[in-house]
Amino acid sequence: MNYAIILASGKGERCGLDVPKQFAKINGKTILEYTIEAFNKNELTDRIILVTSKAYLEFCKKLKYEKIFMVTEGGKRRQDSSRIGVNLIEEDDAKVLIHDGARPYIKNELINNCYIALDKFSAINTGVETADTIMEVDENKIIKKIPNRKNLLRCQTPQGFISGLIKKAHKIALKKNLNVTDDAGLIVNLGLGDVFVVDGDIENIKITYKDDIIKAKEKLR
Ligand code: CTP
Ligand code: MG
């Protein structure tokens, strides 16, 4: 069974709209619906788990996509929302992709590549090269390190896991009070195995700022 968990429980504070960014309407449809559509029509996805906030539960429950399996209320941090999502999966041998609801440009081929990579690896991330050189600085803005750009990739979603592994990681993280920004980070931080990086897509951006909303009106048709 292949699951896609779509995270849509954030507030979108950096975007500063009067609704969370994933519920902003672009050409008559919410950003979240574009994201759901991508997984709903993906041939390898069997079930979609949608994680959203209390205020949008009713809205989300009314969405008509045949692969939506469950709609549930998320948590305070992204990490909490994703833990709640993965814990709804009973099987330990399912493939699960976790994707930001705020990444509506996700392409079918990338979704497929993620599931396929899970035939070989128990944990995968998607990443893209960085055009700019990245520098590590200290609190006084003095450069500490300039890692080789070739070894640096920017993290995106989907991230993918065998369900038993990611459930275990979240369980340990909760016990240890671990804070991470994404699920692949859990596996790395807890030393639970290798995380393979699937080539991401520079167009698969996360709607974050107001400007991204303006551009979305052009890009999402
Ligand atoms: N997310 C979630 N539950 C949370 C926080 C975030 O499901 N408690 C989701 C968001 O809805 C988004 C994805 O995780 O689809 C990536 O998070 P981010 O881009 O940080 O979204 P927000 O937290 O909503 O935005 P901001 O950080 O600007 O407030
Ligand atoms: Mg956030």
Side-chain angles (χ1 to χ4, degrees), residues 3-26 29-40 42 45 47-61 63 65 68-89 96-107 110-111 114 125-128 154-161 166-167 169-170 173-174 177-187 200-216 219-220:
Y3 288 86
I5 297 178
I6 299 179
L7 298 178
S9 197
K11 294 200 177 92
E13 279 167 353
R14 285 170 287 179
C15 222
L17 304 175
D18 50 6
V19 295
K21 58 195 181 185
Q22 63 275 24
F23 295 105
K25 276 200 172 174
I26 307 289
K29 219 163 38 182
T30 61
I31 286 177
L32 178 63
E33 286 167 83
Y34 289 97
T35 309
I36 296 171
E37 255 166 42
F39 285 91
N40 194 62
N42 172 260
T45 301
R47 291 173 165 176
I48 296 171
I49 294 175
L50 186 53
V51 184
T52 191
S53 57
K54 196 172 194 153
Y56 287 89
L57 264 183
E58 281 317 303
F59 174 86
C60 286
K61 282 182 177 166
L63 293 172
Y65 295 97
I68 293 184
F69 170 65
M70 275 187 206
V71 180
T72 191
E73 189 179 332
K76 208 166 184 160
R77 304 166 297 171
R78 184 190 185 281
Q79 182 179 342
D80 301 315
S81 297
S82 97
R83 185 186 62 252
I84 290 167
V86 298
N87 283 338
L88 290 173
I89 300 175
V96 52
L97 302 188
I98 302 175
H99 187 64
D100 295 327
R103 289 188 196 265
Y105 305 118
I106 177 77
K107 290 181 188 144
L110 179 55
I111 299 175
C114 290
N125 198 349
T126 47
V128 291
R154 292 187 287 122
C155 283
Q156 299 185 325
T157 72
Q159 301 190 333
F161 310 89
I166 191 65
K167 285 199 278 182
H170 274 289
L174 194 61
N177 248 323
L178 196 69
N179 256 306
V180 293
T181 53
D182 66 85
D183 299 272
L186 277 182
I187 307 295
D201 169 16
I202 50 166
E203 290 179 10
N204 180 27
I205 65 150
K206 186 173 72 176
I207 304 287
T208 305
Y209 303 104
K210 220 169 233 161
D211 188 52
D212 297 323
I213 297 274
I214 295 163
K215 286 182 187 144
K219 291 201 213 169
L220 290 171

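In each ligand, atom 1 is the first atom listed, and ligand 1 is the first ligand listed.
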Contact residues of ligand 1 (heavy atom under 4.0 Å), by chain and number: Leu7, Ala8, Ser9, Gly10, Lys11, Gly12, Glu13, Arg14, Lys21, Gln22, Gly75, Lys76, Arg77, Arg78, Ser81, Asp100, Gly101, Ala102, Lys206
Residues in side-chain hydrogen bond (donor to acceptor under 3.5 Å, both in side chains) contact with Glu203, at least two apart in sequence or another chain: Lys107
Those residues that, when tested against Thr157, pass side-chain hydrogen bond (donor to acceptor under 3.5 Å, both in side chains) (two or more places apart): His99, Arg103
By ring-ring contact (aromatic ring centres under 6.0 Å, His included) - contacts of Tyr56 (at least two apart): Phe23
Heavy-atom neighbours of Lys29 NZ exceed 12 at 6.0 Å: yes
Among Lys76, Arg83, Arg78, salt bridge (charged side-chain N to carboxylate O under 4.0 Å, His left out) partner for Asp80: Arg83
Salt bridge Lys215-Asp212, side-chain N to carboxylate O under 4.0 Å: no
